[in-house]
Structures are given as C-alpha cells and as structure tokens.
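This report refers to the structure that appears directly beneath it.
Naming convention: chains lettered A, B, ... in sequence-line order (proteins, then strands); numbering from 1 in each chain.
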Amino acid sequence: MNGQSQSFSRTLKHLFSSAAAADNTISVAKCESVLYHCANTKSVSSTKKIHAYAIRNGLLSSHHSTHFLSLLTAAYAVGGQAVFARQVFDRLPQRTLRSYKSMIRMYAENGSSREALRLFVEMLESGHSGPEKYTYPFVIRACGDLLMLELGTAVHGLALISGCGTDTFIGNSLLAMYMNCGDTERAKQVFEAMREPTIVSWNTMISGYLRNDKAAAALMMFHELVNSGVDADCATIVSVLPACGYLKDLDVGREVHLLVEEKGLGKKLSVWNALVDMYAKCGKMDEAQSVYDSMIDRDVVTWTTMINGYILNGDVNGALEMCRLMQFEGVRPNAVTLASLLAACASLPDLKLGKCFHGWAIRHNVESDVNVETALIDLYAKCNYISLSFQVLSKTSKKRTVPWNAILSGCILNERAREAIELFKQMLFEAKPNDATFKSLLPAYAMEADLQQAMNIHSYLIRAGFFLRTQIATGLVDIYSKAGSLESGHKVFNGIIEKNRDIVLWGAIVSGYAMHGHGNVALSLFYNMVMSGIKPNEVTFTSVLHGCSHAGLVDDGLTLFNFMKGSYPLCLRTDHYACMVDLLGRAGRLQEAHNLIKSMPFQPSHTVWGALLGACVIHENVELGEEAAKWVFELEPYNTGNYILLGNIYAAIGRWEDAEKIRCRMKNLQLLKSPAQSVLR
DNA sequence: CTAGGGTTAG
C-alpha cells in the first residue's frame with residue numbers, strides 16, 4: 001500500500017465512524033474527495049459505501065448533487081459497474097463533461113461501442129467541447145469496432161481541431177480504426193503523417209494490412225520497419241508471421257525466425273506458436289515439427305496449430321497422431337481444435353471419422369460452440385447426411401447467423417433448393433443474414449429458375465440494403481439469366497459501377513447471354529470487359545466461346561480463339577478446344593476441326609472428340625466420325641450415347657450392317673456395365 | 001487514465 005491509498009483508507013474510516021456517531025457535519029465536499037480516490041483506485045466497495053451513506057444522509061438532494069453524482073458516476077464507471085454507473089448517470093440533473101467521459105470509456109471498454117458513441121454524440125450536441133486526449137482513443141476504437149468509417153473520420157477531424165493531432169496514442173488508435181474499417185490507404189496516410197511512429201504503430205500497420213488481405217503490403221511494412229532501426233517486439237513477430245504463412249513466403253519467414261533467435265524475442269509462447277503455424281502454412285511440416293520439438297512449454301494452441309498443419313498438408317494420419325499425443329499429454333482440445341478437425345473430415349469427406357470427433361467434442365463439452373456446431377452441420381451435409389445436419393441445427397441457439405449459413409449451403413450441396421428457400425424464410429425470424437448467407441442462398445434461386453421468386457429475393461435484398469455488393473449482384477445476374485430474364489439481369493449488372501465489376505460478375509452476364517443464344521451480345525460484352533482492364537479467365541473464355549458456337553458465329557469464334565492463343569496461351573483448356581471443335585463442326589468445317597484437335601498441345605479429352613463425333617452425325621461424315629468414335633470409345637467406354645451417335649451416321653448413309661454391329665457392341669457393353677461400374681466406384 | 005499481437009474460417 002502506498003502513502004496515497006493509506007491516507008484514503010484513513011479518510012474513509014474516519015468518514016464512517018463519524019457517520020456512526022450521527023455527526024452530520026461531514027460535508028459533501030469531504031465525500032467528494034473520497035469518491036475521487038475511489039475512482040483512482042477503482043474501489044467499487046468503497047464507492048458503494050459512499051453511495052449508501054449519501055442516500056441515508058440526503059446528500060443527493062442538495063444543490064451540490066451534480067458534482068457529487070458525476071463523481072459517483074465516474075467511480076462506478078471506472079470500476080466497470082455499468083448498471084450502477086448508468087443509474088447514477090441517469091439521475092444527474094445535468095450531464096457533465098466528467099460523467100460523459102467516464103461513461104464513454106466504460107462502454108467502450110465493456111464492448112458496448114454503440115452506447116459509447118451515442119453518449120459521445122450527445123455530449124457534443126449538448127454543447128460540450130470535444131473530449132480531451134485520453135478519451136479520444138476510446139471513441140475512435142468504438143468507431144472501429146462498429147465499422148463506422150464516416151463517424152471515425154469525423155472524430156479524426158475533431159481530434160485535429162482540438163490540437164491532439166500529434167498525440168501518439170490517438171494516432172495509433174486512428175491507424176487501428178481505419179484498418180478495422182478496411183481503409184488501408186487512409187491508415188497509410190495517417191501513418192506517414194506521424195512524426196514519431198512507435199513500434200505499436202508499425203505493428204498496427206502490419207496486422208492491419210494482413211486483415212485486409214494485403215499480406216504483401218504487410219511484409220513491405222515489416223521490411224521498412226527493420227530498415228528504420230526501430231526494434232521489433234513480440235507483437236511484431238506474431239503480426240508478420242501470419243503474412244509469411246499466407247503468402248507462403250518461406251524466405252521472410254526464416255528471416256523472422258532468425259530475428260527471434262537473435263533478439264531474444266521468443267519469451268512468449270505465442271511467438272513460437274506463430275512460428276510453427278508459419279512453417280506449416282509454408283508446407284514445411286518437418287520444420288514446424290522441429291520448432292515444436294524445441295518448445296519446452298506447449299499449450300492447446302500449439303497442438304491445434306500442429307494438427308491443422310498436418311491437415312493442411314494433406315496428412316490426416318499425422319493429424320490423428322498429434323491428437324493422440326495431445327490426449328496423452330493431458331491437454332484438452334478446445335472448440336477451435338475440434339472445429340478444424342471436423343472441417344477436415346467434411347472436406348475429405350469422412351463420415352466415420354467425423355462422428356468420432358463429434359463424440360470427442362461432446363466429451364470435452366464444446367459441442368455447443370457455434371464454430372463446432374457449424375462445422376458439424378457442414379460435415380453431415382458434405383457426407384450427404386443432411387438429416388443429421390438438421391439434427392445439429394435443431395439444437396443450436398438459432399440466433400447466430402453462421403449455423404444457418406452452413407445449413408443453407410448444405411441444402412444447395414444436396415440439391416434441395418426449395419428447402420433452402422424455406423429455411424431462409426425461417427431464418428429471418430431468428431438471425432440476421434449476412435453476405436455469406438446470400439452467397440449460399442442465391443444458387444438455390446438459380447436452381448429454381450423461377451422468375452417470380454427471383455424478383456422476390458431481389459426486392460428483399462434491396463429492402464434489406466444488400467444490393468450494393470458485387471458478389472450478391474453476381475448471384476442475382478445468374479438467377480435472372482437462369483430464370484430467363486436477361487433484361488433484369490443486365491439491369492442488376494448495370495447497377496454495379498465499372499470499378500466494382502469483377503471477373504465473376506462479368507462472367508455471369510456473359511454466360512447469361514451466351515446460354516440463351518445471344519452470341520453477339522456475349523462477345524461484345526466480353527470485349528468491353530477486356531477493355532475495362534479485367535483479364536479474362538478460363539471460365540469467361542469457355543462461356544463466350546459457347547455463345548459463339550450456339551449462335552453459329554464461326555469467324556468471331558475463331559478470332560477470339562486466336563486472340564486467346566496469342567494473349568492468354570496458359571488459359572487454354574480442353575473445354576475451349578471442345579467449343580471450337582463444336583463451332584467448326586456445326587458449320588461443316590470438319591476437316592478444320594480435326595486439324596485443330598491434332599494441333600492440341602495436350603491430350604484431347606472425350607469432350608473434344610465427342611464434339612467432333614456429334615458434328616460428324618449432322619454432316620454424315622463417316623471417315624472422321626469413325627476416327628472420333630475410336631477415341632471416345634477408348635476414353636469413355638461406358639457412355640452408350642457415343643455408340644448411338646456412330647450408329648446414327650451409319651444408318652444415315654445406309655450402312656445398315658455397320659449400324660447393327662455397333663448396336664451389338666453397345667448391348668454387350670451394357671451387360672458389362674453394372675459390375676464394371678461398381679468396381680470403378 | 002489512452003494504442004498493436006497467437007490456433008478455425010468458406
């Protein structure tokens with residue numbers, strides 16, 4: 001106990017002994033000075049005593065009560081007593097700067113950011129000046145927590161006006177806020193304007209870049225930091241290592257590892273855990289293992305990281321071995337461990353193993369964790385046991401969004417579009433949908449291909465304010481295309497500004513026109529896309545080529561194909577050749593089609609030969625038809641359709657015996673088919 | 001008094 005708190009407790013004692021003696025001469029001022037100490041020492045029990053004393057002795061009704069109550073508010077707030085603080089605060093005749101400050105701080109600290117900001121705004125509106133430099137960081141953090149970029153920017157301005165612009169703490173808070181809101185550029189500006197960035201500033205930048213999917217920028221920051229002469233600390237290490245892992249940049253990862261050894265930064269377990277994770281993510285399980293072996297202390301995170309590492313590198317047995325060792329060491333798995341094990345079982349998929357881990361989750365009492373529940377729903381859906389997914393769902397709290405998202409995508413996976421749509425309607429009574437919800441749900445509407453339903457979900461999205469996002473717009477374009485309204489799809493497409501149109505959105509509109517036979521529109525949209533600076537990918541090439549072939553645009557198709565060969569040779573896939581063969585073949589240019597196949601830089605697939613065969617049927621070309629058939633019979637021996645196609649060519653030109661022979665061959669194969677297929681499975 | 005940091009996660 002230091003001198004100050006000793007004198008405080010003396011004062012408190014004196015106060016109460018005087019009270020016991022019914023000495024009402026104890027002044028409000030005295031109580032106030034005690035309260036001031038209560039706030040400084042975060043002493044809740046003393047605060048309560050003073051509060052009770054004040055009530056008993058009618059101090060609250062005096063004209064001094066504003067000052068007294070605002071001190072009382074502060075004392076409760078500092079002690080984290082939200083309910084008491086609020087009660088006193090609401091009874092204040094006048095809300096003072098002090099009371100606002102302490103309430104804002106309390107709410108920001110206990111996670112009620114919205115409440116904190118409400119009070120902050122009210123404080124400004126009621127004519128108080130801006131907060132002082134110790135309150136700004138709380139307000140700024142609250143803006144960041146709620147992703148309120150506009151308000152955050154306004155607070156930034158206010159801080160500048162009040163002359164707090166150079167404060168390091170406020171600067172660092174601003175960095176974190178902008179990063180949280182996804183505005184990396186503004187964060188960078190603030191960082192560059194800082195006169196003396198501390199290690200915290202650097203770390204905030206590094207981790208912020210990573211959280212905004214800019215791992216390369218995070219690494220650049222790290223290198224700048226190393227060159228600037230500021231010493232890295234533990235937080236730097238655990239911020240930069242995930243970036244190395246994400247980029248699989250083993251060189252930088254090793255550099256960081258060296259730094260840890262040289263500067264003795266390995267005092268915390270989290271640093272070693274991050275190193276293990278980095279090596280695992282870079283695909284170096286042997287090095288991860290050796291870091292792990294060198295560790296004296298290990299916690300559940302270490303084990304989980306190793307287990308994940310083995311899963312990530314496709315070594316399920318290694319992961320299982322780790323589980324056994326972990327159990328042997330007496331370390332209990334947590335929800336994270338089980339969620340990732342279950343996710344691994346889902347991606348295999350391995351129902352039996354998944355059920356074992358479900359059991360393990362129950363034994364370790366984590367089966368009602370949202371992450372675990374979600375992983376279970378996903379697991380059972382991917383194993384085609386969606387009824388079990390529903391069982392898990394029925395036990396969840398339902399107020400969370402993620403399990404619903406999992407069941408929706410599970411329904412899509414099991415081709416239960418109707419059910420997905422029904423579930424979504426139920427979901428709306430319980431939880432708030434987010435972007436991921438629609439990512440899972442929209443394909444259901446595309447499967448239903450019902451224009452009325454398409455319009456329903458579209459109008460819902462607009463009402464709910466979801467219409468801006470590219471990904472969701474893409475889903476809508478796809479739905480409208482499949483439901484047959486290219487016009488509506490195009491309107492949605494036009495609603496996305498050019499800057500926000502990504503390859504997937506372009507792909508959706510192009511394929512929409514292509515699949516409905518509007519090859520010319522598909523083509524011109526495609527060229528618009530290229531002009532707007534979007535690099536086409538295999539998928540867009542396929543759909544636009546498809547469009548050309550469906551619309552009989554032979555020369556356009558050839559031009560496009562040659563453009564591909566010239567500019568995007570690495571994109572060329574077997575599908576593209578199949579489209580071209582189909583295109584040339586339908587136009588009767590069979591020889592050209594055949595030459596194209598022969599020029600292919602890789603083994604032609606059955607689809608390529610199949611396209612030629614199909615064209616040979618239309619144009620009754622036996623010679624090439626037989627050549628194509630020879631290949632498809634080899635590549636796809638159990639597809640009876642191919643035999644029928646060749647038979648049709650023979651029949652068309654009157655070679656009845658050959659047609660009959662092929663028919664027999666097909667029949668014999670059909671007899672073989674069932675046992676053969678069961679072996680193939 | 002106030003700022004950054006580890007394992008899941010499509």
To the nearest Å, how far apart are A:K133 NZ and B:dA3 P?
13 Å
Aromatic stack A:F169/B:dT2: centroid gap under 5.5 Å, interplanar angle under 30°
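By the stated criterion, A:F169 and B:dT2 stack.
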Verify the ring-centre separation between A:W202 and A:F191: is it less than 6.0 angstrom?
yes
Taking the ring of A:F424 and the ring of A:F438, is the distance between their centroids below 6.0 Å?
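When the ring centroids of A:F438 and A:F424 are compared, they turn out to be within the sub-6.0 Å range.
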Just to be sure I understand the geometry, which residues of residues 97-108 of chain A put a non-hydrogen atom under 4.0 Å away from DNA chain B?
A:R105
Between the base of B:dG4 and the side chain of A:D233, is there a donor and acceptor pair under 3.5 angstrom?
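It does, because a donor-acceptor pair links the side chain of A:D233 to the base of B:dG4 below 3.5 Å.
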Side-chain N or O of A:R141 versus OP1/OP2 of B:dA3: is the shortest distance under 4.0 Å?
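Affirmative; the distance criterion is met.
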Touch check for [X], heavy atoms < 4.0 angstrom, all strands: base, sugar-phosphate only, or nothing?
| X | result |
| --- | --- |
| A:D378 | nothing |
| A:S409 | nothing |
| A:Y134 | base |

Salt bridge A:K439-A:D435, side-chain N to carboxylate O under 4.0 Å:
no
Provide a list of protein-nucleic acid N or O atom pairs under 3.5 angstrom, restricted to nucleotides 7-10 of chain B.
residue: B:dT8; atom: OP1; partner: A:K281; partner atom: NZ; Å: 3.3

Name of the residue among A:M194, A:Q189, A:K188 meeting side chain to side chain contact (heavy atoms under 4.5 Å, CB included) with A:E192:
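The residue from A:M194, A:Q189, A:K188 that satisfies side chain to side chain contact (heavy atoms under 4.5 Å, CB included) with A:E192 turns out to be A:K188.
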Check the side chains of A:S99 and A:T73 for a donor-acceptor pair under 3.5 angstrom, ignoring hydrogens and angles.
no
Would you kindly say whether A:T374 and A:N371 are connected by a side-chain donor-acceptor distance under 3.5 Å?
no
Check the orientation of A:W360 and A:H364. Use parallel for under 30°, tilted for 30 to 60°, and perpendicular for over 60°.
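Ring orientation of A:W360 relative to A:H364: perpendicular.
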Measuring only between side-chain heavy atoms, which start at C-beta, is A:W303 closer than 4.5 Å to A:L325?
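In contact.
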